[in-house]
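Heads up, the thing below is written out as structure tokens.
Below, chains carry the letters A, B, ... as their sequence lines are ordered, and counting in each starts from 1.
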Number of protein chains: 2
Amino acid sequence: MDACAQCAVRESAICHSLTDDKIAELSRHGHRRSVRRGQTLVWEGDESLLVGNVIEGVLKLSASTWDGRDQTLGIAYPSDFIGRPFGTKSRQSVVALTDAEVCTFTRSDFDAVAQNNPPLEHKLLQRTLMDLDHARQWMFLLGQKSAVERVATFLLDMADRLGAPADEDGVIAFDLPFGRQEMAEVLGLTIETVSRQITKLRTSGLIDAPSRRTVVILDRDGLEEAAGY
Amino acid sequence: MDACAQCAVRESAICHSLTDDKIAELSRHGHRRSVRRGQTLVWEGDESLLVGNVIEGVLKLSASTWDGRDQTLGIAYPSDFIGRPFGTKSRQSVVALTDAEVCTFTRSDFDAVAQNNPPLEHKLLQRTLMDLDHARQWMFLLGQKSAVERVATFLLDMADRLGAPADEDGVIAFDLPFGRQEMAEVLGLTIETVSRQITKLRTSGLIDAPSRRTVVILDRDGLEEAAGY
DNA sequence: CGATTCCTTGACTGACCTCAAGTGCCGTGG
DNA sequence: CCACGGCACTTGAGGTCAGTCAAGGAATCG
């Protein structure tokens with residue numbers, strides 16, 4: 001019953017807005033679910049029947065063409081909301097980038113609860129507005145930025161989103177939840193180009209990449225410059 | 001007082017959700033305003049203090065780099081909502097593409113009214129979700145599509161958004177509210193590339209372009225093919 | 001310790017951009 | 001009504017950046 005009470009994202013997800021009895025109502029419909037890295041939660045073109053919250057892990061939203069080109073449209077971290085409430089089929093897939101835990105509802109269940117919960121809708125609105133801001137920032141990147149700028153922007157964005165702390169010298173280290181191919185899909189580039197830009201940033205001393213998925217930002221200001229700010 | 005009662009978008013804008021007395025309350029804060037083509041309503045980086053509805057005309061949201069590259073992030077038609085409620089400075093400009101009429105509120109006024117109006121927030125949420133869908137569709141275009149595909153997609157999207165009707169042969173004619181430069185900024189291309197793709201589509205018989213801003217879609221299926229669907 | 005997978009690097013190609021010169025449209029004024 | 005000028009668009013030639021194809025190297029797993 002009170003799976004919600006112990007939920008890791010209880011304080012930050014949209015559910016935070018609900019009173020205890022409403023939580024209870026919602027939790028009756030919710031299913032906690034584990035997804036393994038690489039597993040697909042929703043298929044492109046499915047009549048979008050699932051919505052939910054990310055509890056743990058990282059997932060991506062993506063779309064692809066008939067001929068196999070893939071673009072990542074969004075990235076969901078713990079306490080982020082995924083899926084499309086209020087009836088539209090979204091041509092997007094949701095795939096886990098790491099092992100993940102999500103809390104899902106059928107869209108109809110969620111819609112019904114949301115309709116009568118202004119605070120819930122308010123939270124969801126705020127979150128959607130933030131998603132929109134982020135999507136537009138990314139449109140700008142995809143439309144106007146060069147390959148180096150894209151990679152540099154991505155690394156800075158990652159550092160912020162993962163909340164990676166700076167040490168006393170301003171050096172920031174963190175682990176990416178992405179492989180190169182996945183980075184390429186976010187940035188609208190190819191894996192080779194991403195790789196080349198990373199070596200370029202490395203040889204110019206702005207970052208280091210001690211292991212495949214580890215990134216160290218050595219010179220944040222320099223990297224911001226390279227990102228086109 | 002009841003400027004709202006005569007409003008052209010009364011039935012379709014988010015205000016549609018409000019009861020008469022709430023409308024009255026909101027209308028006390030609203031300012032109807034004319035904008036001439038090319039005029040800027042909000043400057044990039046302004047502490048976003050304005051929100052509102054488009055009553056007539058077409059406007060664009062855009063962002064630009066220090067060195068002058070411009071990307072259009074969204075297009076607002078009559079009954080669309082513009083601006084960013086709930087306190088964030090959005091690094092975006094709003095510019096009129098045609099002469100336009102808008103109904104504006106200060107963000108704080110709007111926020112205050114919205115907080116106590118669940119139906120209003122619900123409408124706004126739906127609209128924001130649609131904007132997000134559209135932004136993501138455009139991310140895909142910018143990240144993965146070729147120049148011809150982008151232009152073809154744009155023309156199809158325009159025909160739909162402007163509600164251009166097909167005649168008995170399936171031919172669709174309409175006038176763009178965009179010049180070539182503006183199209184280029186939407187599509188993340190240069191004006192020359194846009195121009196070349198249009199000639200390409202023209203010579204392949206999919207469209208015609210009898211005057212600068214007039215487009216005729218001769219073969220919708222063919223154009224969809226060219227758009228990469 | 002081998003096998004697989006992921007990443008890097010190189011050589012080449014090609015799509016789009018840049019720069020530059022037309023061409024046609026449209027309003028203005030004769 | 002036509003001549004003119006300005007501006008938006010088109011077209012061309014050449015360059016550049018990212019993509020493609022292909023091979024080699026490094027990490028991770030059994």
Side-chain angles (χ1 to χ4, degrees), chain A residues 36-38 64-65 67-71 97-99 141-155 175-204 207-216 226-228, chain B residues 37-38 64-65 67-71 97-98 141-155 175-204 207-216 226-228:
Chain A
R36 301 214 73 77
R37 177 177 169 186
S64 57
T65 42
D67 64 340
R69 288 171 282 174
D70 252 59
Q71 177 68 42
L97 292 172
T98 66
D99 290 349
L141 176 142
L142 294 170
Q144 299 298 333
K145 290 195 174 185
S146 70
V148 220
E149 288 174 332
R150 292 186 201 197
V151 172
T153 305
F154 176 79
L155 294 177
D175 268 31
L176 290 172
F178 296 87
R180 294 286 182 272
Q181 179 59 46
E182 288 156 348
M183 289 181 60
E185 284 167 13
V186 174
L187 298 173
L189 299 170
T190 58
I191 183 174
E192 294 95 329
T193 302
V194 170
S195 187
R196 279 187 248 273
Q197 305 315 318
I198 286 179
T199 19
K200 186 181 288 183
L201 291 172
R202 237 160 49 108
T203 55
S204 51
I207 67 166
D208 194 12
S211 89
R212 283 188 173 174
R213 284 172 177 242
T214 312
V215 176
V216 183
Chain B
R37 177 175 168 185
S64 58
T65 42
D67 65 338
R69 288 171 281 172
D70 253 57
Q71 176 68 41
L97 291 173
T98 65
L141 176 142
L142 294 170
Q144 300 298 334
K145 290 196 174 184
S146 70
V148 220
E149 288 174 333
R150 293 187 201 197
V151 172
T153 305
F154 176 81
L155 295 176
D175 269 30
L176 289 173
F178 296 86
R180 294 285 183 272
Q181 178 60 46
E182 288 157 348
M183 288 180 61
E185 284 167 12
V186 173
L187 298 173
L189 299 170
T190 59
I191 184 175
E192 294 95 331
T193 302
V194 171
S195 186
R196 279 186 247 272
Q197 305 315 317
I198 287 179
T199 16
K200 186 181 289 183
L201 291 172
R202 237 163 47 112
T203 54
S204 50
I207 66 165
D208 194 12
S211 89
R212 285 187 173 175
R213 286 173 175 240
T214 312
V215 176
V216 183

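- Atom CD1 of residue B/Ile198 and atom CG of residue B/Asp208 lie 11.5 Å apart, to the nearest 0.5 angstrom.
- The interatomic distance linking A/Glu182 (CD) with C/dC7 (P) rounds to 8 Å, in whole Å.
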Summary of protein contacts for nucleotides 8-24 of chain D, nucleotide by nucleotide, where a base hit scores B, a sugar-phosphate-only hit scores S (4.0 Å, heavy atoms): BSBBBB----SSBB---
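- Here A/Glu185 does not pair with A/Arg69 in a salt bridge; the nearest charged N to carboxylate O distance is not below 4.0 Å.
- B/Phe154 has its side chain out of reach of B/Leu189: every pair of non-hydrogen atoms, C-beta onward, lies at least 4.5 Å apart.
- In A/Arg213, the CZ atom is crowded: over 12 heavy atoms of neighbouring residues, nucleotides or ligands sit closer than 6.0 Å.
- When atom types are taken as modelled, the side chain of A/Gln144 and the backbone of A/Leu141 share no donor-acceptor pair closer than 3.5 angstrom.
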